[in-house]
Novice: 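Could you have a look at this structure, given as structure tokens, before my questions?
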Amino acid sequence: MEKIMIRLQIVTLNAILFLFFLSCSSQNAVGKYPHGSYSFKSFNIVGELVGDGTIYISKVDSNLIEGNWAIRDVRNCNVCGPQYGNGFFTGRIDNDSLFINLNPDNPENYVELAGELNEEAFTGDWRWYELVVNSNRGTFKAVRI
């Protein structure tokens, strides 16, 4: 079990470093808003840190966005849904609001981020939606790196 946790931590760290270096080397990442890397933290409903990682917005087309994420579970939150590990996301911008689905390939079990967007950060609520029984929510903050 310890070997699995160590491997998971190494994979997560590598994904975060990859996203960070990718954002530093991309000309669009820092020049155009909201492209780029964001340091991400998620909190449960009582305000305890449950997730820590990076979100990278790689594509903005009209009001649609795409990107990658790498988030580690810092509190062993079994009721926070599939927001841990890494993956591809899709989303949309609506005025000053941003909506991101961290798991667009799984419509029956996903985490959505909904928040206010400005030039330096986006903050708001995350919500886990699962078809059968589970659902949970909390808050998040993503700050431009």
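Values below: every heavy atom of this structure, side chains too, minus hydrogens, waters and symmetry copies.
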Novice: Decide yes or no on side chain to side chain contact (heavy atoms under 4.5 Å, CB included) for Ile93 and Leu117, but give the supporting numbers first.
Specialist: CA-CA 9 Å; Ile93 299 171; Leu117 177 66; 4.2 Å; yes
Novice: Are a donor atom and an acceptor atom from the side chains of Asn109 and Trp128 found within less than 3.5 Å of each other?
Specialist: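 There is such a pair (donor and acceptor under 3.5 Å, judged by atom type) between the side chains of Asn109 and Trp128.
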Novice: For Arg127, look at atom CZ and say whether over 12 heavy atoms of other residues, nucleotides or ligands are found less than 6.0 Å away.
Specialist: yes
Novice: Does the side chain to side chain contact (heavy atoms under 4.5 Å, CB included) test come out yes or no for Arg92 and Asp94, once each step is laid out?
Specialist: CA-CA 7 Å; Arg92 65 184 167 81; Asp94 186 9; 3.8 Å; yes
Novice: How far does CZ of Arg72 sit from OG1 of Thr54, to the nearest 0.5 angstrom?
Specialist: 10.5 Å
Novice: Count I, L, V, M, F, W, Y as connected when their side-chain heavy atoms are under 4.5 Å apart, and connections chain through other members. Are Val74 and Trp126 then in the same cluster?
Specialist: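 Different hydrophobic clusters.
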Novice: Would you check if the side chain of Asp61 reaches a backbone N or O of Leu64 as a donor-acceptor pair within less than 3.5 Å?
Specialist: no
Novice: Shortest non-hydrogen contact from Gly67 to Ser58?
Specialist: CA-OG, 3.6 Å
Novice: If you round to the nearest 0.5 Å, how far is OG1 of Thr123 from CG of Asn118?
Specialist: 7.5 Å
Novice: As an exercise, state the distance from CZ of Arg137 to CD of Glu112, rounded to the nearest 0.5 Å.
Specialist: 14.0 Å
Novice: Looking at every non-hydrogen atom in both residues, tell me the closest pair between Glu120 and Tyr38 and how far apart they are.
Specialist: O-CE2, 4.4 Å
Novice: Rounded to the nearest 0.5 Å, what separates atom NZ in Lys59 from atom CD1 in Ile65?
Specialist: 12.0 Å
Novice: Would a distance-only check, ignoring hydrogens and angles, find a side-chain to backbone donor-acceptor pair under 3.5 Å from Asn95 to Ser97?
Specialist: no
Novice: Between Phe40 and Phe140, what is the ring plane arrangement, given parallel below 30°, perpendicular above 60°, and tilted in between?
Specialist: parallel
Novice: Determine yes or no for a side-chain-to-main-chain donor-acceptor pair under 3.5 angstrom, with Asn86 supplying the side chain and Ile71 the backbone.
Specialist: no
Novice: Does any non-hydrogen side-chain atom of Phe89 lie less than 4.5 Å from one of Glu66?
Specialist: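 Counting from C-beta outward, Glu66 and Phe89 never come under 4.5 Å.
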Novice: Under the side chain to side chain contact (heavy atoms under 4.5 Å, CB included) rule, what do Phe43 and Ile45 come out as? Steps first, then yes or no, please.
Specialist: CA-CA 7 Å; Phe43 306 88; Ile45 59 174; over 6 Å; no
Novice: Can you list the steps and then say if Leu49 with Lys41 is a side chain to side chain contact (heavy atoms under 4.5 Å, CB included)?
Specialist: CA-CA 7 Å; Leu49 180 67; Lys41 295 188 182 309; 3.8 Å; yes
Novice: NE2 of His35 to OH of Tyr56: how many Å apart, nearest 0.5 Å?
Specialist: 7.0 Å
Novice: Distance alone, cut at 3.5 Å: any donor-acceptor contact between the side chains of Ser42 and Gln83?
Specialist: yes
Novice: A side-chain contact here means heavy atoms from C-beta on lying under 4.5 Å apart; do Arg75 and Glu48 qualify?
Specialist: yes
Novice: Per the side-chain contact (heavy atoms from CB on, under 4.5 Å) rule, which among Ile100, Leu102, Asn106 passes with Val111?
Specialist: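 The side-chain contact (heavy atoms from CB on, under 4.5 Å) with Val111 is passed solely by Leu102 among Ile100, Leu102, Asn106.
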Novice: Main chain of Gly47, side chain of Asn44: is a donor-acceptor contact present, judged purely on distance under 3.5 Å?
Specialist: yes
Novice: Would you say the side chain of Asp105 lies within less than 4.5 Å of the side chain of Phe88, judging by non-hydrogen atoms?
Specialist: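 No. Closest side-chain heavy atoms not under 4.5 Å.
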Novice: What's the spacing between Thr90 OG1 and Asn101 CG if we round to 0.5 Å?
Specialist: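 That separation rounds to 5.0 Å.
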Novice: Are any non-hydrogen side-chain atoms of Asp125 and Leu113 less than 4.5 angstrom apart?
Specialist: no
